[in-house]
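As structure tokens, the structure follows; a few thoughts come after it.
These numbers come from the heavy atoms of this one structure, side chains and all, not from hydrogens, waters or symmetry mates. When a ligand or atom number is given, it counts from 1 through the structure's own listing order.
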Amino acid sequence: MKEIEKKLQFRNIKPTSMRLLVYKVLKKKQKAISLYEIEQEFDNVDRSTIFRTLKTFQTKYLIHSVDDGTGAVKYALCDDDCTCSLNDLHVHFLCNKCGQTFCFKEVPVPIPKLPEDFSFESANFVVKGICSTCK
Ligand SMILES: [Zn+2]
Ligand SMILES: [Zn+2]
């Protein structure tokens with residue numbers, strides 16, 4: 001079995017050809033990319049089909065989404081042991097020059113101390129600056 005099919009099955013996702021293609025695009029980019037950017041990689045695929053595929057991936061923790069403030073939600077692959085829990089939250093970096101969003105998986109999101117009776121569920125931590133390529 002191919003590597004990508006294994007990845008999908010590991011997350012209990014049936015490896016249809018569409019899903020394999022979307023996964024390949026995310027893998028190739030190595031960054032967080034928007035639905036629009038994924039769509040550009042296909043010739044004739046309905047946007048809603050790609051969107052549904054991304055939603056499936058997301059509920060199975062194969063990918064996570066990032067709101068980097070650019071107005072478009074971006075998606076990136078999760079690590080194999082990721083369950084998108086508090087411990088898996090990491091910092092994202094938006095380059096002000098090229099507009100690319102990077103996953104800093106080795107940089108955990110700082111969890112703030114909250115007032116009593118408030119419980120933490122998720123966080124979106126985006127650092128903005130200039131990436132190493134644009135520097
Ligand atoms: Zn850049
Ligand atoms: Zn990420």
Worksheet entry | H64 backbone or side-chain N/O/S under 2.8 Å from the Zn ion (ligand 2) | yes
Worksheet item: Under 30°, 30 to 60°, or over 60°: which ring-plane class applies to Y23 and F57, parallel, tilted or perpendicular?
Response: perpendicular
Item to complete: Please determine which of V25, V22, I63 meets the side-chain contact (heavy atoms from CB on, under 4.5 Å) test together with Y75.
Response: I63
Discussion item. Quick check for you: with the Zn ion (ligand 2) as the vertex, what angle do SG of C103 and NE2 of H92 span, to 10°?
Written reply: 110°
Discussion item. Would you say that H90 contacts P108 through its side chain, given a criterion of any heavy-atom pair below 4.5 Å between the two side chains?
Written reply: no
Worksheet item: Under 4.5 Å between any side-chain heavy atoms of L54 and L26, yes or no?
Response: yes
Fill in: ILVMFWY network linking V91 to L94, side-chain heavy atoms under 4.5 angstrom
no
Item to complete: For the residue pair T70 and D68, confirm or rule out a side-chain donor-acceptor distance under 3.5 Å.
Response: yes
Worksheet item: Using a distance threshold of 2.8 Å, what protein N/O/S atoms lie below it relative to the Zn ion (ligand 1)?
Response: C95 SG, C98 SG, C131 SG, C134 SG
Worksheet item: Is a salt bridge present between K29 and E37, judged by a nitrogen-to-oxygen distance below 4.0 Å?
Response: no
